[in-house]
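Read the structure below first, then the notes.
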Amino acid sequence: MKQDYNKVGLGSISLLLFIFGILFSVSFGNRESYGDNILRFIGLSPWSNGDTGFHYTIFYSLIFYLPALILGYKFKNDLWAKLGRTLSLITIILILLSLFFVAV
């Protein structure tokens, strides 16, 4: 009996990029997100109006989600590519839906 195993490849990075996007955009407990600290370190504000308004780290996290989605589609037979692609797609849709409801 022959078993086919998926190989680790570029598509496997899809899940890793998704995890980095989550770490960049989500705050844990009362602490700021890692993205907030990174943005402040490079001299950018993570919020549109001081400490209120739009939370820019959600939009900057697309820098991780979009490549995760693309790599997941392009190298779909690699290990964890489908999971990274699916989670990234769901997260991108949720971000776009939230933009729609904030804009309305």
Side-chain angles (χ1 to χ4, degrees):
M1 179 184 292
K2 181 182 176 189
Q3 290 183 340
D4 292 326
Y5 294 102
N6 291 341
K7 61 182 171 50
V8 174
L10 286 176
S12 304
I13 298 172
S14 177
L15 182 61
L16 185 63
L17 286 171
F18 171 76
I19 292 170
F20 282 149
I22 291 294
L23 289 174
F24 190 83
S25 62
V26 176
S27 59
F28 301 98
N30 291 334
R31 299 178 7 183
E32 294 181 334
S33 68
Y34 295 115
D36 289 351
N37 295 327
I38 292 170
L39 290 175
R40 284 201 174 100
F41 180 76
I42 60 175
L44 299 173
S45 175
W47 293 91
S48 63
N49 191 16
D51 287 332
T52 60
F54 286 117
H55 198 198
Y56 288 143
T57 55
I58 295 295
F59 306 116
Y60 288 129
S61 67
L62 290 172
I63 294 170
F64 297 104
Y65 298 137
L66 290 174
L69 182 67
I70 292 168
L71 285 173
Y73 273 114
K74 187 165 181 155
F75 302 101
K76 58 186 164 198
N77 293 327
D78 289 348
L79 188 64
W80 303 310
K82 184 177 180 183
L83 180 61
R85 176 185 71 212
T86 304
L87 292 173
S88 296
L89 181 63
I90 291 169
T91 307
I92 290 169
I93 289 171
L94 289 174
I95 290 172
L96 294 176
L97 281 174
S98 67
L99 282 175
F100 175 75
F101 286 114
V102 169
V104 171

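The structure displayed is predicted, hence computed values, not measured ones.
In this structure, the separation between CG on Leu10 and CG on Asp78 is 7.0 Å, given to the nearest 0.5 Å. With rounding to the nearest 0.5 angstrom, the OG atom of Ser25 is 9.0 Å from the CG atom of Leu62. Taking OG1 from Thr57 and OH from Tyr34, the interatomic distance works out to 13.5 Å, rounded to the nearest 0.5 Å. One distance of note links OG of Ser88 with CG of Leu83; it measures 9.0 Å at 0.5 Å rounding. Residue Ile95 holds its CD1 atom at 4.0 Å from OG of Ser61, rounded to the nearest 0.5 Å. Between Asn37 atom CG and Ile42 atom CD1 the span is 11.5 Å, to the nearest 0.5 Å.
Residues satisfying the side-chain contact (heavy atoms from CB on, under 4.5 Å) test with Ser27, not counting sequence neighbours, are Ser33. With sequence neighbours excluded, the residues satisfying ring-ring contact (aromatic ring centres under 6.0 Å, His included) with Phe64 are Phe24. The side-chain contact (heavy atoms from CB on, under 4.5 Å) check on Ser48 picks up Phe54, Tyr56, with sequence neighbours excluded.
Atom CZ of Phe28 sits in a crowded spot, with more than 12 heavy atoms from other residues, nucleotides or ligands closer than 6.0 Å.
The salt bridge (charged side-chain N to carboxylate O under 4.0 Å, His left out) pairs that include a residue from residues 45-71 are Arg40-Asp51, where partners are two or more places apart or lie in different chains.
In this structure, Trp47 is not a member of the same hydrophobic cluster as Phe59, with clusters built from ILVMFWY side-chain heavy atoms closer than 4.5 Å. Under the 4.5 Å side-chain heavy-atom criterion for grouping Ile, Leu, Val, Met, Phe, Trp and Tyr, Ile58 is connected to Val26 within one hydrophobic cluster. Under the 4.5 Å side-chain heavy-atom criterion for grouping Ile, Leu, Val, Met, Phe, Trp and Tyr, Leu89 is connected to Leu66 within one hydrophobic cluster. Under the 4.5 Å side-chain heavy-atom criterion for grouping Ile, Leu, Val, Met, Phe, Trp and Tyr, Leu87 is connected to Leu96 within one hydrophobic cluster.
For the pair Tyr60/Ile38, no side-chain contact is recorded, criterion being any heavy-atom separation below 4.5 Å from C-beta on. In this structure, Asp36 and Arg31 have side chains that are not in contact, with every pair of non-hydrogen atoms separated by 4.5 Å or more. Lys7 is not listed as a side-chain neighbour of Leu79, based on a closest heavy-atom distance of 4.5 Å or more.
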Can you give me every donor-acceptor pair (side chain of residues 13-23, partner residue at least two apart or in another chain, under 3.5 Å) with its distance?
from, atom 1, to, atom 2, distance (Å)
Ser14, OG, Ala68, O, 2.7
Ser14, OG, Arg85, N, 3.3

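Residue Ile90 shares its hydrophobic cluster (ILVMFWY side chains chained together at separations under 4.5 Å) with Leu94.
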